[in-house]
**Student:** 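Sending over a structure as structure tokens; questions will come in a sec.
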2 protein chains.
Amino acid sequence: MARAATAQGTPAFQRIKDHVLGKIHDGDWREGDAIPTEEALCKLFGVSRMTANRALRELAAEQVVVRVQGSGTFVAQERYQATVVAIKNIADEVRARGHAHRSELHKLERVRAADQQVVRFGLPPGSVLFHSLIVHFENDQPIQVEDRWVNAAVAPDYLAQDFSKSTPNEYLMRAAPLQGASYEIEASMPPPEIAEMLRMGEREPCLVLRRKTMSRNQVASVAVLWHPGGKYSFSGAF
Amino acid sequence: MARAATAQGTPAFQRIKDHVLGKIHDGDWREGDAIPTEEALCKLFGVSRMTANRALRELAAEQVVVRVQGSGTFVAQERYQATVVAIKNIADEVRARGHAHRSELHKLERVRAADQQVVRFGLPPGSVLFHSLIVHFENDQPIQVEDRWVNAAVAPDYLAQDFSKSTPNEYLMRAAPLQGASYEIEASMPPPEIAEMLRMGEREPCLVLRRKTMSRNQVASVAVLWHPGGKYSFSGAF
DNA sequence: GAGTGGTCTAGACCACAAT
DNA sequence: TTGTGGTCTAGACCACTCC
């Protein structure tokens with residue numbers, strides 16, 4: 001009987017999954033090894049093929065195994081663990097801590113894509129972009145400078161938003177369904193303007209998040225988020 | 001017929017998923033709305049219940065919908081997007097860039113848990129910990145100081161490893177199956193010893209990753225990873 | 001009690017891989 | 001040609017929710 005009897009109430013597909021996970025964890029089946037076919041598991045557990053199939057299909061979705069039609073099912077390569085930083089709307093994040101959020105709008109303008117932006121957005125030169133610069137405060141302490149360029153084709157009403165009431169993030173999430181994003185996190189010394197907006201000392205570094213978001217197969221927005229190094233960190237768990 | 005005919009070859013369960021995703025994307029079905037029952041989808045698409053069930057079950061696994069037994073299937077709350085930073089073994093990462101990796105071992109010692117460590121590890125005071133301090137190089141440029149404390153109960157052979165040949169990461173992955181981790185990313189000025197090991201200038205900041213890993217329901221390891229701000233960043237996409 | 005999802009069966013046909 | 005996975009059917013019984 002496969003493995004020590006699992007709880008009675010456990011569904012059959014789950015018992016099969018547990019069996020396979022156990023074998024892999026115990027080292028009986030290693031990376032690249034073929035594991036029993038659906039047919040074999042049917043006999044071993046006395047279930048129909050659909051049930052064995054569901055177990056293996058779910059393990060494949062979880063990247064525990066790899067399935068090759070016509071060939072078999074194999075133990076997948078060990079996955080690298082991933083740390084997850086949730087991208088939150090900063091206003092929600094601050095309020096979730098029970099603090100007051102407010103923001104100051106420093107710039108809100110329409111610009112023609114210059115060379116640098118053209119590269120980042122992958123747009124024809126001369127396309128219209130919107131540019132905003134906003135400082136976010138938590139209990140009247142500045143915690144983020146949000147320097148953002150927005151593709152006008154994706155979010156045409158950007159300039160009409162009231163960014164004292166909502167954040168660009170909130171508007172963009174509504175206007176441009178997020179398709180994907182890429183980002184980079186780095187530590188760097190802020191230029192004097194940024195340092196001043198964040199009321200930082202001369203020798204304090206910033207934690208910088210650069211993020212590019214995609215919507216409708218175009219770059220929707222490029223944001224550079226500056227945070228005072230000593231007061232802000234990204235954290236998470238998995 | 002539900003929605004514009006999808007490609008002929010598309011499996012029925014996928015066509016149903018696409019239909020539901022389309023309705024949600026178009027705003028026809030909003031957060032919390034009930035969506036058609038399995039029965040209804042069976043009729044709409046002319047399929048058996050197992051097929052409609054698979055479509056909805058997979059959407060539930062993807063957190064697009066929430067299913068409540070006895071009640072119905074509902075559009076899930078919008079998820080916050082998550083950025084993913086892969087935790088890689090730094091040696092692999094460097095080699096993947098086609099560069100040479102080497103490391104220098106500065107410390108490798110057995111210590112008794114002092115107050116600070118006791119808190120982080122949740123261990124009884126006086127427990128045994130191992131401590132290592134290693135500098136990692138990419139093409140002879142220092143790119144990371146790895147300051148690590150390891151729970152001796154989880155990885156008893158830590159001191160016997162040859163860290164010129166493998167990294168603590170590699171050893172720990174083998175010795176202590178990873179259960180979970182929490183981390184924090186911040187920007188800060190390095191203390192002079194760290195700055196010297198990374199050959200950094202006086203006013204350059206570090207990108208610091210603090211990570212706690214769990215194994216067998218205990219804290220396995222606490223690592224503080226210092227990187228030169230200008231030369232190193234975390235990046236990813238989703 | 002009626003409606004809904006959770007699970008399962010015993011077949012079936014197909015596409016693809018290895019031989 | 002044989003074995004494998006990919007998909008699907010037309011039923012079934014059960015647990016749970018809501019009325």
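We name chains A, B, ... by the order of the sequence lines, and we start the count at 1 in each one. The structure presented is a predicted model; accordingly, all values stated were derived computationally and were not measured.
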**Student:** Write down the distance between CD1 (A/I16) and P (C/dT9), rounded to a whole number of angstrom.
**Tutor:** 8 Å
**Student:** Run the salt bridge (charged side-chain N to carboxylate O under 4.0 Å, His left out) test against A/R102 and tell me which residues pass, sequence neighbours left out.
**Tutor:** A/E104, A/D140
**Student:** Residues two or more places apart in sequence or in another chain: which of them pass salt bridge (charged side-chain N to carboxylate O under 4.0 Å, His left out) with A/E146?
**Tutor:** A/R148
**Student:** Does the pair A/E38/A/R57 count as a salt bridge with the N-to-O cut at 4.0 Å?
**Tutor:** no
**Student:** Measure NZ/B/K17 against P/D/dT7 and give the value in whole Å, please.
**Tutor:** 10 Å
**Student:** Measure the distance from CE on B/M50 to P on C/dG5 and round it to the nearest whole Å.
**Tutor:** 15 Å
**Student:** For B/Y232, what residues pass the ring-ring contact (aromatic ring centres under 6.0 Å, His included) criterion, not counting sequence neighbours?
**Tutor:** B/H227, B/F234
**Student:** Just the rounded figure in Å: distance from C1' of C/dT7 to CZ of B/R57.
**Tutor:** 9 Å
**Student:** Is there a side-chain polar atom (N or O) of A/T51 under 4.0 Å from OP1 or OP2 of C/dT7?
**Tutor:** no
**Student:** Using the side chain to side chain contact (heavy atoms under 4.5 Å, CB included) criterion, which residues pair with B/S233? Sequence neighbours excluded.
**Tutor:** A/E184, A/E186
**Student:** Provide, to the nearest angstrom, the distance between the CG atom belonging to A/L41 and the P atom belonging to D/dT4.
**Tutor:** 11 Å
**Student:** Answer yes when B/E58 and B/R54 have at least one side-chain N-carboxylate O distance shorter than 4.0 Å, and no when they do not.
**Tutor:** yes
**Student:** Round to the nearest Å and state the distance from B/N53 atom CG to D/dA10 atom P.
**Tutor:** 16 Å
**Student:** Taking side chain to side chain contact (heavy atoms under 4.5 Å, CB included) as the test, write out the residues that go with A/A12, two or more places apart.
**Tutor:** A/R15, A/V47, A/T51
**Student:** Send over the distance from A/E58 CD to D/dG5 P, rounded to a whole Å.
**Tutor:** 16 Å
**Student:** B/T37 side chain: which of C/dG5, D/dT9, D/dG6 is closest?
**Tutor:** C/dG5
**Student:** For A/L56 and D/dT7, give me the distance from atom CG to atom P, rounded to whole Å.
**Tutor:** 13 Å
**Student:** Any side-chain N or O of A/S48 below 4.0 angstrom from OP1/OP2 of C/dG11?
**Tutor:** no
**Student:** With 3.5 Å as the limit, what N/O pairs link the protein to nucleotides 12-19 of chain D?
**Tutor:**
residue	atom	partner	partner atom	Å
D/dA12	N6	B/R49	NH1	3.2
D/dT17	O4'	B/G70	O	3.3

